[in-house]
Amino acid sequence: MTEAILVLEDGRVFRGESFGAVGETIGEIVFSTGMTGYQETLTDPSYKGQIVAMTAPHVGNTGVNDEDFESRRIWVDGYIVRDPARVRSSWRSNRSLDEELAAQDVVGISGIDTRALTRHLRERGSMRGAISSTSTDVDAVLQRVSAAPTMKGANFLADVTTDQTYVVPAVGEKRFTVAAIDLGIKGMTPRRLAERGIEVHVMPATTTYEQIAALEPDGVFMSNGPGDPATADHAVETLKDVLAARTPYFGICLGNQIFGRALDRGTYKLTYGHRGINQPVQDLTTGKVEITAHNHGFAVDAPLEGTFETPYGPGRVTHVCLNDDVVEGLALLDQPAFSVQYHPEAAAGPHDAAYLFDRFVELMASTSSASEDA
Ligand SMILES: NC(=O)CC[C@H](N)C(=O)O
């Protein structure tokens, strides 16, 4: 057994055991309340720069398989669990979580009181911290934590985006072409689009409006992604051109924050964010409540009631989180563009919000029939 320490930037220390790779890692310490779906969490590119603590006490019970990866690798910068499964049990599993973390050089810690850690972060907010299984000198680790960059102002888009455009073909008959800007896209998103007859062109984060327009897409999509949305200026400028051309738009998570910025709204950092697959959201357009998957530490600042002015006519908040009234969705009233802050593609579930992909299809269908009529 190798000892490990978790040192938070405010000086709080937790002592446990090394889990996964032995080493030292620094990042923003956040917690996820997902009871399942740890593979999908680990491989979500939006977690770049973060060390994730699981509030579920047992993690790793079903081991690791190759199918439940949301991207090519693990992106979390560290992993914190209470009690790793000693035995893995699933017909799909072909290795243990511990082995996988070690193979991908992800430093983790286990055997700490994750409930106390979560309560601490809930009261004080997410903060920088380090896991170290190579040093027991708390003061030295703390100094390295204090010198590390904060999540505010962070931009990891170049790390996570695709180098080259690739195409995910429509399943069955092709109905639409969509340009999907990869800001850290998860594998399930193009699949959810493709299964609705959409040919998805997944394009790098540096794609220009001219490159999008050359494709003559029926719609444009912007994905989830890591870092501070206030730094995603290129995507905001690109989206402004998309909106000026009245091309249908759908955004998820970072794609919602970029939409908010294109509509002249600001973004801000939440105290401890929303991460998990059990977050209640109300669709204000129908009144329905859905249980949804979240992973965000920032949010859009917009009025929950009434409409607000944007360069593209009135906009409104369409979805709100029932835990804390945070804005979870936006739409323009006079043109086909909307987004949500959470994850309707939810590979690990729940699937309550899958209707949003159908809304995008309906918007593209009505826009193309309107332009045929004109
Ligand atoms: N999943 C995401 O797209 C997250 C967006 C952004 N990085 C945030 O933390 O709010």
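Computed from a predicted model, the values in this text were never measured in an experiment. Numbering of ligands and ligand atoms starts at 1, following listing order.
When hydrogens are left out, the protein atom nearest atom 1 (N) of ligand 1 is N295 O, 2.8 Å; that is the closest non-hydrogen contact. Among all protein heavy atoms, the one lying closest to atom 3 (O) of ligand 1 is G225 N, 2.8 Å. Of the protein's non-hydrogen atoms, G297 N, 2.9 Å is the one closest to atom 9 (O) of ligand 1.
A salt bridge links D83 with R86: the closest approach of a Lys/Arg side-chain nitrogen to an acidic carboxylate oxygen falls below 4.0 angstrom. Checked for salt-bridge contact, R359 and E362 miss the test: no charged N lies under 4.0 Å from a carboxylate O. Salt-bridge annotation for E99 and R88: absent, with no side-chain N of the basic residue lying under 4.0 Å from a carboxylate O of the acidic one.
At least one heavy atom of Q257 sits closer than 4.0 Å to an atom of ligand 1. The closest approach between H294 and ligand 1 stays at or above 4.0 Å for every heavy atom of the residue.
Of the N or O atoms in L254, one or more lie within a sub-3.5 Å distance of an N or O in ligand 1.
Proximity of V300 to N256: side-chain heavy atoms (C-beta onward) are separated by under 4.5 Å at one or more points.
Taking a 6.0 Å sphere around CD of E123, one finds it holds more than 12 heavy atoms contributed by other residues, nucleotides or ligands.
Taking every non-hydrogen atom of N224 and a distance limit under 4.0 Å, the qualifying atoms of ligand 1 come out as 1 (N), 2 (C), 3 (O). Using a 4.0 Å cut-off to heavy atoms of S46, the atoms of ligand 1 that qualify are 1 (N), 2 (C), 3 (O).
Nearest-residue assignment for atom 2 (C) of ligand 1 (options G251, G227, C253; heavy-atom criterion): C253.
Legend: residues meeting salt bridge (Lys or Arg N to Asp or Glu O under 4.0 Å) with R92, ordered by chain and number and at least two apart, are E67, D68.
Between F250 and F357, the ring center distance clears the sub-6.0 Å criterion.
Under 4.0 Å from ligand 1, the heavy atoms of P226 that appear belong solely to its backbone.
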